[in-house]
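Single-structure report; data block below.
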Amino acid sequence: MKTSRFHLSTVKETPADAEVISHQLMLRAGLIRKLASGLYTWLPLGLRVLRKVENIVREEMDNAGALELLMPAVQPAELWEESGRWEQYGPELLRLHDRHQREFCIGPTHEEVITDLFRREIKSYKQLPVNYYQIQTKFRDEIRPRFGIMRAREFIMKDAYSFHTDQASLQQTYDVMFQTYSRIFDRFGLKYRPVSADSGAIGGSKSHEFHVLADSGEDAIAFSDQSQYAANIEMAEAITTQQRAEPRQSCQMVDTPDMYTIEEVSEFLSVAPTQTVKTLVARGEGEHKLIALVLRGDHELNPIKAEKQVGGLASPFQMADPAEIKQALGCDIGSLGPLGMNIPVYVDRSAAALSDFVCGANKNDKHYTGVNWERDLPQPTVVDMRNVMDGDPSPDGQGQLSIVRGIEVGHIFQLGDKYSAAMDASVLDENGKALVTTMGCYGIGVSRVVAAAIEQNHDDSGIIWPQSLAPFQLAICPINYQKSDEVKQAADAFYQQCLEQDIDVLLDDRGMRPGVMFADMELIGIPHRVVFSERGLKQQQCEYKGRCDESSQDIDLDQLPDFIHQQLTS
RNA sequence: CGGGGUGUAGCGCAGCCUGGUAGCGCAACUGCUUUGGGAGCAGUGGGUCGGGGGUUCGAAUCCCUCCACCCCGACCA
C-alpha cells in the first residue's frame, strides 16, 4: 500500500473527550472516528487491525473444530420471552418495533437465536457435540459508554455456543476452548492471564475470563506467585492463617473526639489499623432492614462476595443511608462497632481472628479498646467478604497473591441447561428418548482486543503493535521521494519486492519531510521501518529501525531482503 | 438515573463576567523556498458561535428551554 492511495489521517492534538490512552491514540492515529456516544466508524487503518484479530480468532476456532455461521443482529422478542430474558434483561437491551408493531431487539448476545437454530436443526445425539461460532456486531445500550472502543455500545464479538449430551462432553469442549483461547492470545502477542471467574463458594471452575494485562484495566485480578491460581478479585477467596490470640487487655470505652476514620482513630490511639475493625451497614431484605458487616480496619469490603455469603442482604448490594443508620443506631457512621449492635452482625474471617481490637462504641466520639470476641461479645458469624490484598496467602495454599489490573477480553462459560431447558433444545438419545442438551458459551471481545493491545503497548510516540496485529508490518520512508530519482527507484524497487513476498508494507510516497513521516509511522505503530536516502544510497546502504529500538542501524542494500525477512519472522 | 462540566472553523482553544465588525494555533488549499525528527515566507478558503424561544435599537455574550457530549457516582465507618 502507498500512503498516497490510503486514508492516513493522523492528528497531532489529542481530542478533548478522549480519556484513556487507547482511545486517544486510536483517534490520533486515525483508526476510528466517533459517530455518536458509544458508536464508532472503523477507518481503513483500524479495520486492518480488526481484521487481523478476527482472522487469528477464526483460524484457531476452525482448528478447534468449531463451525462458523452468521446470525442476524435483529432478533424477535418471542425468543427472548421464551428464555425469560425479555423481562430480565433491562434497559441494556435495545428494543424496537417493525412496521407491524412486532417487537424486536438488537442482539447483545445470541444464546436464544443459536438455541432456536439448534432445536430446529439437530435431532440426534449422534450429531453431538457441536460448537458454532460467529464474529458479529453486538449492541448493548450501556448506561455510560466510555473509553472509546473499550466500552462501546456497538462492538464486535466472537461468540461461540456448544451443545452436548452430558457434562463430560461439555467439559471436554470447554477444555479445548480454554486451550484455543490461550493459543489465540499467544498469537496476538499480548501479555494475558486466564483467571477463574467463579471459584471458591460454588466449587470447581465453570467459568474463566481471559484478561489482557494493563495498568489501566478496569478489573483487578489476583494470582499466586507459586501456582496456577488466578482469579478475578471479585471472586478471589481471602483465607486467614492467623489464629485468634488469648485476650490480654480489658475492654474499655475511650474518648475519640471527632475521630471517624480508621486512620484518625488508629493514629490517635497509637494502634495499627490492622488492630481495628470497621463496621459497615448494608441494606437488608426481608426480616432485617439493616445488616452490619465487620471488617478489619485495613480491609475493603467485596460486595459481590458479601451478597453471596451473607443471608438477607438486599440484591443488588446496597450500603445503607447514613441518615437511616443514625436513626436506627443512634450514632454517625464513623462510630459504629459490633459491640452492643442491635442488628445482625456478620464478621469477615480476618476481623474474626483479631483479639484486643479497637472498634466504634455506637456513640459519637467514643471507641472501645481491648475488645475480644466471645468474652465481650458473642462468637461472631464468620464469612469471607473482603477483597484480597497483595501479599495475602493464595487460597490453594501455595504462595502469595499479587494483584494486577486487567482488561477482560475473553470469557468462557459452562451454561448447563439454562437455555436448552427453557427453549426445549433436546435430541433423541440412544433409546429414542428426548434428552435436554447441555451448553457452553465462549466469547472474545474482538474490537476490545484492539483497544486492549494499545492500552498494553504504547509509548510517548504512539502505538506499538505486536507483529501479528499491526495494520502494516513494514514502513518504507524514502527521504526526498518526490525529488530524487535515485531514492524513488530504490524505494519503489524494494516496495515491489515486499509485495511479491506478501509483506504488509506501507510506502510513504507523500514526499513529506522525514520528521513527519517518522512521527506518523511511529504514531500508527508500524513495527519495522526502512529509510532510503541519497546519503545512504551513496554507501549502497539504507537504514532500519524497529519500533522499539533505541537507534537505527545501517543495512547494506544487497542484504536488505534477507535482513527484513529475518526481522519479520523472528 | 443522580451530581458536575462542556458545546465558538476539521482538531485544540480564546472571546462571554462588563451586549456593539467572530479571533488565535494546528490542519486544509495555492505559490516559492526547504528535505534526517511534526519546516519557512506570502497568500486563500472555511462559522447560521449546539437548537428553539425571550430581553434589547443590537445577543456568541443576559434570561428561559430543549438537545448533544464528557467526567464522577456509595470503602466512609
Side-chain angles (χ1 to χ4, degrees), chain A residues 9-20 23-24 27-28 30 33-39 90-91 142-148 256 259-266 273 276-283 292-303 306 316-322 324-326 329 331-338 341 348 351 358-364 366-367 385-387 389 460-462 477-484 487 508 510-523 529 531-537 542-543 545 551-552 554:
Chain A
S9 58
T10 55
V11 180
K12 252 194 267 188
E13 272 163 313
T14 303
D17 53 5
E19 181 77 357
V20 295
H23 188 196
Q24 293 173 357
L27 289 169
R28 284 192 52 208
R33 290 289 181 254
K34 184 168 76 175
L35 176 65
S37 178
L39 303 176
E142 295 275 351
I143 306 174
R144 187 148 84 84
R146 59 185 135 174
F147 308 149
T256 49
M259 306 284 164
Y260 296 107
T261 67
I262 288 291
E263 211 172 59
E264 287 164 359
V265 170
S266 59
T276 67
V277 302
K278 59 178 167 188
T279 306
L280 314 180
V281 179
R283 287 233 162 82
L293 307 173
V294 177
L295 295 159
R296 207 171 78 183
D298 59 322
H299 286 152
E300 277 184 5
L301 176 69
N302 179 324
F317 182 87
Q318 263 192 320
M319 296 299 286
D321 187 66
E324 195 181 344
I325 293 172
K326 182 150 193 181
L329 303 174
C331 69
D332 286 316
I333 54 176
S335 303
L336 296 172
M341 182 67 76
D348 183 67
V358 173
C359 67
N362 299 314
K363 271 186 197 165
N364 282 2
K366 302 282 183 193
H367 278 73
M385 59 178 174
R386 73 171 172 93
N387 277 338
M389 302 201 310
D460 291 344
S461 305
C477 297
I479 293 171
N480 229 343
Y481 183 84
Q482 313 271 30
K483 291 276 173 67
S484 164
V487 168
D508 196 337
R510 296 175 295 177
M512 301 289 245
R513 296 165 62 87
V516 178
M517 287 191 288
F518 297 164
D520 274 347
M521 294 306 141
E522 282 162 12
L523 175 60
R529 182 183 82 193
V531 176
F532 290 97
S533 67
E534 288 183 304
R535 198 176 73 190
L537 290 174
C542 65
E543 177 194 293
K545 184 174 175 297
S551 54
S552 57
D554 294 327

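The sequence lines fix the lettering, A, B, ..., with proteins before strands; numbering per chain opens at 1.
- Within the 4.0 angstrom heavy-atom criterion, base atoms lie near A/F518.
- The distance from atom NZ of A/K483 to atom P of B/G36 is 12 Å, rounded to the nearest whole Å.
- The nucleotide whose nearest atom lies closest to any side-chain atom of A/K545 is, among B/G37, B/C75, B/G36, B/G37.
- For the pair A/R510 and A/Y481, the cation-pi criterion (under 6.0 Å, within 45° of the ring axis) is not fulfilled.
- Taking A/E534 as the reference, A/N480, A/S484, A/E486, A/V487 meet the side chain to side chain contact (heavy atoms under 4.5 Å, CB included) condition, with sequence neighbours excluded.
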Between the protein and nucleotides 42-45 of chain B, list every N/O to N/O distance that falls short of 3.5 Å.
none

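- For the C1' atoms, the distance from B/C49 to B/U30 is 29 Å, rounded to whole Å.
- Rounded to whole Å, atom P of B/C76 lies 15 Å from atom NE2 of A/H299.
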Got a list of protein N/O to nucleotides 24-33 of chain B N/O distances below 3.5 Å?
{"residue": "B/G25", "atom": "N2", "partner": "A/E13", "partner atom": "OE1", "Å": "2.9"}

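- We find that A/D332 and A/K326 are joined by a salt bridge, their nearest charged nitrogen and carboxylate oxygen being less than 4.0 Å apart.
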N/O contacts under 3.5 Å, protein versus nucleotides 1-7 of chain B?
none

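- A distance of about 6 Å separates the P atoms of B/U8 and B/G50, rounded to the whole Å.
- In this structure A/K363 satisfies the side chain to side chain contact (heavy atoms under 4.5 Å, CB included) test together with A/M253, A/K366, sequence neighbours excluded.
- When heavy atoms are screened at a 4.0 angstrom cut-off, A/R510 is found touching no nucleic acid atom at all.
- In this structure, the side chain to side chain contact (heavy atoms under 4.5 Å, CB included) partners of A/T276, at least two apart in sequence or on a different chain, are A/I262, A/S266, A/V271, A/V358.
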